[in-house]
A.B. asks: 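Here it is, the structure in full.
Order of the sequence lines fixes the chain letters, A, B, ..., with proteins taken first and strands second; residue numbering starts at 1 for each chain. Just the heavy atoms: all of them, side chains too, but no hydrogens, waters or symmetry mates, feed the values below. Please read all numbers here as calculations on a predicted model, not as lab measurements.
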Protein chains: 2
Amino acid sequence: MGTTKSEVFSEEINELASLFKAMGHPARIAIIQFLRTQEKCICTDLVNELPLAQPTISQHLKELKTAGIIQGSVSGTSICYCLNLDKISQLDSFLASLKYDQNPTCC
Amino acid sequence: MGTTKSEVFSEEINELASLFKAMGHPARIAIIQFLRTQEKCICTDLVNELPLAQPTISQHLKELKTAGIIQGSVSGTSICYCLNLDKISQLDSFLASLKYDQNPTCC
DNA sequence: TTGTTACATTGCAATATTACGATATATTAA
DNA sequence: TTAATATATCGTAATATTGCAATGTAACAA
């Protein structure tokens, strides 16, 4: 007990859930919003921007990266992180399907 | 330590994060997908549909309800749960804004 | 080489989540 | 009232997440 029973759900469902989960933290939403507006996406900027310690931000970046929501490439001494729009679209499509497939006789 | 530092983020960010978080579990994605296709949205159906115990499903329904993603109304002995499309749209709009505001010179 | 800058990783305490058996509650049926 | 059905709540063990100080690493500068 204590662990999510992922085995009993389809891969598609697990993938969607892990993407949503990765976005389910205010620091990670703030990171995504910040990345969206920056020309250069570097971790130091985030440390100055967000009221969290550097290791904490690094950890959140790692989670977003593991989920595939952001990508990072080394650029000299710093790292350029940016959004992966494919994953964003994947979530977007799922949400859109909920809106259009709704059964009108429900509730 | 151990608690999310919600106080340091805006209300808008916290609201988005809690909606995403509520969807960040495979059982809850499965519930949402199932609700979308049913005419009557009753917990017993979910107990038959999902390989999880009834208290577990009830707990997941409660989390979705607390986040505002689903609404439930008593209907005799059972309860009719259904999607709240307003919240779905709220997430959808956020994701859409990420796609269109992306700075082209980034990465 | 030495220092500096920009991150990443480790380790750990505090807290949150997940799952479920047992039990409670509320509605309808007999 | 008694029983059955549908769902919620409680309690708890197992596990995951959050945040950060301390430390590690890798690149560049002097």
Side-chain angles (χ1 to χ4, degrees), chain A residues 1-9 13-14 17-31 34-35 38 40-67 70-82, chain B residues 1-9 13-14 17-31 34-35 38 40-67 70-82:
Chain A
M1 271 164 262
T3 323
T4 295
K5 290 177 75 176
S6 313
E7 339 82 54
V8 301
F9 298 102
I13 283 181
N14 281 310
S18 80
L19 288 174
F20 280 122
K21 186 179 182 181
M23 302 191 70
H25 190 286
R28 296 196 287 270
I29 295 289
I31 286 171
F34 187 72
L35 282 187
Q38 293 303 298
K40 297 194 174 183
C41 321
I42 289 171
C43 183
T44 312
D45 294 343
L46 286 167
V47 173
N48 297 328
E49 187 74 10
L50 303 182
L52 293 172
Q54 180 266 323
T56 305
I57 292 173
S58 189
Q59 185 177 291
H60 284 305
L61 285 168
K62 190 179 179 182
E63 278 173 65
L64 287 171
K65 198 178 173 187
T66 300
I70 64 175
Q71 297 165 317
S73 52
V74 178
S75 163
T77 318
S78 52
I79 293 198
C80 178
Y81 277 115
C82 44
Chain B
M1 273 165 259
T3 324
T4 296
K5 290 178 75 176
S6 313
E7 336 82 55
V8 300
F9 298 103
I13 283 183
N14 281 309
S18 80
L19 288 174
F20 280 122
K21 185 178 183 182
M23 300 192 72
H25 190 286
R28 296 196 287 270
I29 295 289
I31 287 171
F34 187 72
L35 282 187
Q38 294 302 298
K40 295 192 173 185
C41 321
I42 288 170
C43 183
T44 313
D45 296 342
L46 286 168
V47 174
N48 297 328
E49 186 75 10
L50 303 182
L52 293 173
Q54 179 266 324
T56 305
I57 293 173
S58 188
Q59 187 177 289
H60 283 305
L61 285 168
K62 190 180 179 181
E63 278 173 63
L64 287 170
K65 198 177 171 187
T66 300
I70 64 176
Q71 297 165 316
S73 51
V74 179
S75 164
T77 317
S78 50
I79 293 200
C80 178
Y81 276 115
C82 42

A.B. asks: Can you tell me which nucleotide in C:dC20, D:dT18, D:dA8 comes closest to the side chain of B:Y81?
C.D. replies: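 Looking only at heavy atoms from C-beta outward on B:Y81, the closest nucleotide is D:dA8.
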A.B. asks: Restricting to side-chain contact (heavy atoms from CB on, under 4.5 Å), what partner residues turn up for A:S6, sequence neighbours left out?
C.D. replies: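 For A:S6 the side-chain contact (heavy atoms from CB on, under 4.5 Å) partners, ignoring immediate neighbours, are A:T4, A:N14.
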A.B. asks: Could you state the atom-to-atom distance from CG of B:L46 to P of D:dA8 in whole Å?
C.D. replies: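 Value for this atom pair: 10 Å.
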A.B. asks: Measure from CZ on B:F20 to P on C:dT17 and round the result to the nearest Å.
C.D. replies: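 So the CZ-P distance, B:F20 to C:dT17, works out to 18 Å.
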A.B. asks: Taking for each residue the nucleotide of DNA chain C bearing the nearest heavy atom, is the 5' side occupied by A:S6 or by A:I79?
C.D. replies: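 Its nearest nucleotide being more 5', the pick is A:I79.
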A.B. asks: Compare the minimum distances between each of D:dC20, D:dA16, C:dC20 and the side chain of A:T3, then state the nucleotide with the smallest one.
C.D. replies: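 My answer, after comparing the listed nucleotides, is D:dA16.
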A.B. asks: Please work out which residues in residues 21-29 of chain B have a non-hydrogen atom less than 4.0 Å from an atom of DNA chain C and list them by number.
C.D. replies: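 Going residue by residue through residues 21-29 of chain B, the ones with a heavy atom under 4.0 Å of DNA chain C turn out to be B:K21, B:H25, B:R28.
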A.B. asks: Output yes when a side-chain donor or acceptor of B:T56 lies under 3.5 Å from a complementary backbone atom of B:L52, and no otherwise.
C.D. replies: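 Between the backbone of B:L52 and the side chain of B:T56 there is no qualifying donor-acceptor contact (under 3.5 Å).
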A.B. asks: With sequence neighbours excluded, tell me which residues meet side-chain contact (heavy atoms from CB on, under 4.5 Å) with B:L19.
C.D. replies: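 B:L19 satisfies side-chain contact (heavy atoms from CB on, under 4.5 Å) with B:E15, B:A67, B:I69, B:K87, B:Q90, B:L91 once adjacent residues are dropped.
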A.B. asks: In this structure, how many angstroms lie between the P atom of C:dA13 and the NZ atom of B:K5, rounded?
C.D. replies: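 These atoms are roughly 20 Å apart.
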A.B. asks: Tell me every residue that passes side-chain contact (heavy atoms from CB on, under 4.5 Å) with B:Q54, counting only those two or more places apart in sequence or in another chain.
C.D. replies: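 Partners of B:Q54 under the side-chain contact (heavy atoms from CB on, under 4.5 Å) test: B:V47, B:S58.
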A.B. asks: Show the distances under 3.5 angstrom between N or O atoms of the protein and N or O atoms of nucleotides 24-30 of chain C.
C.D. replies:
none

A.B. asks: Could you measure the distance from the CZ atom of B:F34 to the CG atom of B:D45? Nearest 0.5 Å is fine.
C.D. replies: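 Here the rounded value is 5.0 Å.
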A.B. asks: I need the CG-P distance between A:L50 and D:dT18, as an integer number of Å.
C.D. replies: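 Whole-Å distance recorded here is 15 Å.
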A.B. asks: From A:C80 SG over to A:L35 CG, what is the distance, rounded to the nearest 0.5 angstrom?
C.D. replies: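 That separation rounds to 8.5 Å.
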A.B. asks: So, using side chain to side chain donor-acceptor pair (under 3.5 Å) as the criterion, who are the partners of B:Q59 when residues are at least two apart?
C.D. replies: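 Counting only residues at least two positions away or on another chain, B:Q59 forms no side chain to side chain donor-acceptor pair (under 3.5 Å).
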A.B. asks: Look at the side chain of B:R28 and the backbone N and O of B:L64, then say whether any donor-acceptor pair between them is shorter than 3.5 Å.
C.D. replies: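 No, B:R28 side chain to B:L64 backbone: no donor-acceptor pair under 3.5 Å.
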A.B. asks: Roughly how many Å is it from CZ in B:F9 to P in D:dT18, rounded to a whole number?
C.D. replies: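 The distance from CZ of B:F9 to P of D:dT18 comes to 11 Å, rounded to the nearest Å.
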A.B. asks: After noting the C-alpha distance and the side-chain angles of B:I57 and B:C43, does the key distance pass the side chain to side chain contact (heavy atoms under 4.5 Å, CB included) rule?
C.D. replies: CA-CA 8 Å; B:I57 293 173; B:C43 183; 4.2 Å; yes
A.B. asks: Can you classify the ring geometry of A:F9 versus B:H25 as parallel (below 30°), tilted (30 to 60°) or perpendicular (above 60°)?
C.D. replies: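 Geometry flag for B:H25 against A:F9: perpendicular rings.
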A.B. asks: Could you tell me which residues satisfy side-chain contact (heavy atoms from CB on, under 4.5 Å) with B:T77, sequence neighbours excluded, listed by chain and number?
C.D. replies: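 For B:T77 there are no side-chain contact (heavy atoms from CB on, under 4.5 Å) partners, ignoring immediate neighbours.
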A.B. asks: In whole angstrom, give the distance that lies between atom CG of A:L52 and atom P of C:dA8.
C.D. replies: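 Distance, rounded to whole Å: 15 Å.
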A.B. asks: Would you mind telling me which residue lines up with the more 5' stretch of DNA chain C, A:K65 or A:T4, judged by nearest nucleotide?
C.D. replies: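 The residue mapped nearer the 5' terminus is A:K65.
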A.B. asks: Roughly how far apart are B:I29 CD1 and A:F20 CZ, rounded to 0.5 Å?
C.D. replies: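 The CD1 atom of B:I29 sits 5.0 Å away from the CZ atom of A:F20.
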A.B. asks: Between C:dC20, D:dC20, C:dC7, which nucleotide gets closest to the side-chain atoms of A:C43?
C.D. replies: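 When the side chain of A:C43 is considered, C:dC7 is the closest of C:dC20, D:dC20, C:dC7.
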A.B. asks: To the nearest Å, how far apart are A:I31 CD1 and C:dC7 C1'?
C.D. replies: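 The answer, rounded to whole Å, is 13 Å.
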A.B. asks: Just do the side chain to side chain contact (heavy atoms under 4.5 Å, CB included) check on B:M23 and B:K21 with the steps written out, would you?
C.D. replies: CA-CA 5 Å; B:M23 300 192 72; B:K21 185 178 183 182; over 6 Å; no
A.B. asks: Should B:L61 and B:K65 be marked as a side chain to side chain contact (heavy atoms under 4.5 Å, CB included) after you check the CA-CA gap, both sets of side-chain angles, and the distance that decides it?
C.D. replies: CA-CA 6 Å; B:L61 285 168; B:K65 198 177 171 187; over 6 Å; no
A.B. asks: Could you list, one pair per line, each protein nitrogen or oxygen that sits under 3.5 Å from a nitrogen or oxygen of nucleotides 23-25 of chain D, together with the distance?
C.D. replies:
none

A.B. asks: Looking at residues 55-62 of chain B, who's got a heavy atom less than 4.0 Å off DNA chain D?
C.D. replies: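 Result for residues 55-62 of chain B: B:P55, B:S58, B:K62, sorted by number.
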